[in-house]
J.: 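Starting off with a structure, shown below.
Chain letters run A, B, ... following the sequence lines, proteins first, then strands; residues in each count from 1. Everything numeric in this text was worked out from a predicted model, so none of it was measured. Atoms considered below: every heavy atom in the structure, side chains included; atoms not considered: hydrogens, waters and symmetry mates.
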Amino acid sequence: MEASLPPYLASLNPEQLEAVRHSGGPLLILAGAGSGKTRVITTKIAYLVRERGVEPESILAVTFTNKAAREMRDRAAAIEPRCGRSTIRTFHSFGAWFLRRNAAAAGLDPNFVIYDDDDSTTLLHAAFPQYTRSECGRIASALARAKDLGLEPDSPDLSAAFRDPQLRRAYAVYEERLRRTGNVDFGDLIRLPARLLRDDPAVARRTRQRFRVILVDEYQDSNVAQFELLRLLAEPSESSAEGAYLCVVGDDDQSIYRFRGAEIRNILEFPSIFPGTSVVKLERNYRSRQSILDVAGQVVSRNAGRLGKELRAERGGGERPKLVLLEDQDEEAAHCARLCEARVGSGGSWSDLAILYRTNAQSLTFEQEFSRRRIPYRLVGALRFYEREEIKDSLAYLALISNRRDEVAWKRVVNKPSRGIGEASAEAVLALAEGESPGGLGDLVAASRRAAETVKGKARSGLTGFAELVDGLGGLLAAGPSGRSGDETLAAFLEAVVKRTGLADYHRGQDEIAGTQKIANLDELVNAASIYPRSAEGLAAFLETIELDRSLIDDKGRREGQAPDAVTLITMHNTKGLEFPVVIVTGMEQGLFPRDDEEGEDLEEQRRLFYVAITRAKDELYLSACRWRRLHGRLSQTLPSRFLSEIEADSLERAGPGSGDREARRNGERRYGQSLGEPGGAGPRGTAGQARGAGAERPEASPWRAGQAVYHDDYGSGVIIKVSPTPSSGPLVVVRFETGRQAQFFPRFTSKLEPSRT
DNA sequence: AGTGCAACTCTTTTT
DNA sequence: GAGTTGCACT
């Protein structure tokens, strides 16, 4: 390495250095797991400012999570303080920032609120009351996908992308309803800036003059709309013949958000879309042992749609990952608990360990077992603080105070707590508000007051009271508490809102009836508002932060960061970007991970998810599978995940469970293990092929036929009443026993069922 | 307008 | 098995 390099560059490896110093055409950095990706981006930002004379204000860096954005900002500023002036944000927060600055041009209320999926569903339900709420939910998510794809209500491609011919109309109506509220949804934060750049030359010129360098992190998770926004930002404009310098960083093997609209082709095809692209691969892994990377590499190499990378461990060898086969999920939880206890017993800490699973529902067994054994754990991501009723209620009042055309917020709180305002009165208000502003929507609070004159009974006083309440709160925000103003935070205002609306009493009552924690949650929300000033601007900032960064508070009001010493229970998706000395990937069963209906691109995505899970481990990796799995309230027998057979036999150590009912287990275990990991990785067809060759082709040779008498070790005598073939598990037989009990079995996997001669 | 019961549906979820 | 939603009932 050159002697002249400043210290912050000297410690980079040659590939990292190349990525940092690259300039000119577009750059694609393919950064494998644990390869120092964030370090490269932050160093590159600092390098551009320090060595290349780039103005920090002209740098735009976008990420997908607030956590990643914070980290990037902090680390870049730690190297070069001037980087604090760069725009380092999430895609969506950049979009919100951009739209607030160009609200008029975009046709938005400058104080617009951001609707989440639930709000979109409510808006749709208001527009299409003939559909149920859950149908509206499905339509809302289809519309969100359409926006991810950059499609408009009149795009010809809309019909190709979605089956339902009604969707186009639903999209158009939804857009109309959303526009008249003055608010936006998540998709709009990407789509509307792109549209503005396309249609408004003045805005486009100003924006392109400002941002000369654009960096994107986790590019494999970008969607089509985000791609279009990037291209429009980076495009040359009349004032600057050169487009912005575009650098994207990502790992095609870690693309796991297809179901949310992520388009892996964005990264796969980047070099052909942007001619002259340089590609730098970062394949030195500083996190995991080679034995772990071997397994990861074997699995992901089965994917067809990938650019191809091979990680090499800088930390060397390590123990082979261990696979443990267990009887059921209770034993799986006990096994995990024993591993945790062993680690702590030998001087480690609880926080060294992470238990990974595919679905949140799987966490329950672990929680119970860990509580019983007094093992401290923290559950990541399952808490949906902002989706709770009491939180949404309070935020709806705030949103309505901020934007009095917010139909969704108004609808939510106009009769909450109950003021005797029913469907008919609400319709009357809406009709008035619509009349007030042709084609749009007027002030819903004023309309509520005026509608009071036309309705009768309880609704009349209810509407008047509601309007006075909201007006009063609006005044309270502007004026401050009687006399003194200025030196109070938004928390005091929010507290007043919760009290004066009656929400506090209402939810306190709920707490008493149902033993919930609603008041405690409201306290946390109030607490979170304390870092904002008591003003309209402070309120708007608070609402935006809450919509765009839901990790800010959890139930205990803890900020991320000072995590207690506890075992981490977490979904595989949520582990992206994290690392642990010891990782246990649980539920490695066919039907769960992957699901039986996951094929083709979906299957490849699940394989990438497994890859992400594996590469979280620094020193030790355990995999576990259960023979019996309780799912959706049903107990069923399972086969080991096909992913396990994709790992070479000698890369894994097959370990028995540490203790327990050995005798019972030995039988099951041996049989269960048979179909596992044929050497050389017989591949996806391993188990299915066997089934086809053996049973299904010669059904007459099978003893499993309807009418056949059988005997079962536990249930006694019975008769087969139904046999159905399965693609990979042999026949499934349904037996009615003499006791009247009915049960189903896979004869291939049980020795307890046998044909009898009667 | 509010309550209660039956029926339905179950992934993953950066923003 | 659990949580949510829709409908019917009062």
J.: Look at E175(A) together with R191(A) and state whether they make a salt bridge at an N to O cut-off of under 4.0 Å.
T.: yes

J.: Within this structure, what is the CZ-to-C1' distance between F593(A) and dT11(B), rounded to whole angstrom?
T.: 12 Å

J.: What residues in residues 119-140 of chain A put a non-hydrogen atom under 4.0 Å from any atom of DNA chain C?
T.: T132(A), R133(A), S134(A)

J.: In terms of the nearest nucleotide of DNA chain B, which residue is placed more toward the 5' end: I421(A) or I256(A)?
T.: I421(A)

J.: Need one value for E598(A): base, sugar-phosphate or nothing, where a base atom within 4.0 Å counts as base even if backbone is also close, heavy atoms only.
T.: base

J.: Check every atom of dT14(B), dT11(B), dT15(B) against the side chain of N574(A) and return the nucleotide holding the closest atom.
T.: dT14(B)

J.: What's the CG-C1' distance between L631(A) and dT9(B), to the nearest Å?
T.: 12 Å

J.: Is the shortest side-chain N to carboxylate O distance from E369(A) to R372(A) below 4.0 Å?
T.: yes

J.: Write down the distance separating the C1' atoms in dT12(B) and dT5(C), rounded off to the nearest Å.
T.: 23 Å

J.: To the nearest angstrom, how far is E423(A) atom CD from dG2(B) atom C1'?
T.: 15 Å

J.: Would you call D328(A) and R629(A) a salt bridge, using N to O less than 4.0 angstrom?
T.: no

J.: Under 4.0 Å between a Lys/Arg side-chain N and an Asp/Glu carboxylate O for K147(A) and D185(A)?
T.: yes

J.: Out of dA1(B), dC10(B), dT12(B), which nucleotide sits closest to the side chain of H573(A)?
T.: dT12(B)

J.: Separation of K416(A) atom NZ from dA1(B) atom C1', in whole Å?
T.: 14 Å

J.: Under the 5.5 Å and 30° test, is H632(A) stacked on the base of dC10(B)?
T.: yes

J.: So, does T63(A) get its side chain near the phosphate of dT14(B), meaning an N or O under 4.0 Å from OP1 or OP2?
T.: no

J.: Establish, yes or no, whether a centroid distance under 6.0 Å links the rings of F64(A) and F91(A).
T.: yes

J.: When you check the gap from the basic side-chain N to the acidic O, do E390(A) and R388(A) get nearer than 4.0 Å?
T.: no

J.: Report which part of the nucleic acid L364(A) touches: base, sugar-phosphate, or nothing (heavy-atom distance under 4.0 Å, all strands).
T.: nothing

J.: Would Y357(A) and H573(A) count as a close aromatic pair, with their ring centres under 6.0 Å?
T.: no

J.: Step through it carefully: locate the ring centre of H125(A), locate the ring centre of Y131(A), and say whether they are under 6.0 Å apart.
T.: no

J.: How many whole angstroms separate atom CG of N223(A) from atom C1' of dT15(B)?
T.: 10 Å

J.: Between dA1(B), dT15(B), dT11(B), spot the one nearest the side chain of S418(A), thanks.
T.: dA1(B)

J.: OP1, OP2 of dT15(B) versus side-chain N and O of N66(A): anything below 4.0 Å?
T.: yes

J.: Rounded to the nearest Å, what distance is computed from the CD atom of residue E387(A) to the C1' atom of nucleotide dT13(B)?
T.: 9 Å

J.: Starting at the 5' end of DNA chain B and moving along, which residue's nearest nucleotide shows up first, A361(A) or S93(A)?
T.: A361(A)

J.: Which part of the nucleic acid, if any, lies within contact of F91(A), taking any heavy atom under 4.0 Å across all strands shown: a base, the sugar-phosphate backbone alone, or nothing?
T.: nothing

J.: Check the chi torsion on dT11(B) and let me know: syn if it falls within 90° of 0, anti if not.
T.: syn

J.: Flag the pair E589(A) and R627(A) as a salt bridge only when some basic side-chain nitrogen lies within less than 4.0 angstrom of an acidic carboxylate oxygen.
T.: no

J.: Look at N415(A) and dA1(B) and indicate whether a side-chain polar atom (N or O) is within less than 4.0 Å of OP1 or OP2.
T.: no

J.: I'd like the 5' and 3' limits of the part of DNA chain C contacted by chain A, with heavy-atom contacts below 4.0 Å.
T.: dG1(C) to dG6(C)

J.: Any donor-acceptor pair under 3.5 Å linking the side chain of S35(A) with the backbone of G32(A)?
T.: yes

J.: Measure the distance from NZ on K67(A) to C1' on dT14(B) and round it to the nearest whole Å.
T.: 11 Å

J.: With sugar-phosphate meaning primed atoms plus P, OP1 and OP2, does D116(A) contact a base, only sugar-phosphate, or nothing at under 4.0 Å between heavy atoms?
T.: nothing

J.: To the nearest Å, how far apart are Q254(A) CD and dT12(B) C1'?
T.: 16 Å

J.: Does R260(A) get its side chain close enough to the base of dT15(B), under 3.5 Å, for a donor-acceptor pair?
T.: yes

J.: Any Lys/Arg nitrogen of E605(A) or R608(A) sitting under 4.0 Å from an Asp/Glu carboxylate oxygen of the other?
T.: yes

J.: Centroid distance below 5.5 Å plus an interplanar angle below 30 degrees: do F259(A) and dT12(B) meet both conditions?
T.: yes

J.: Select base, sugar-phosphate, or nothing to describe what G420(A) touches, counting heavy atoms under 4.0 Å on all strands.
T.: sugar-phosphate

J.: With a 4.0 Å limit, can you tell me whether N360(A) has a side-chain N or O closer than that to the phosphate oxygens OP1/OP2 of dT13(B)?
T.: yes

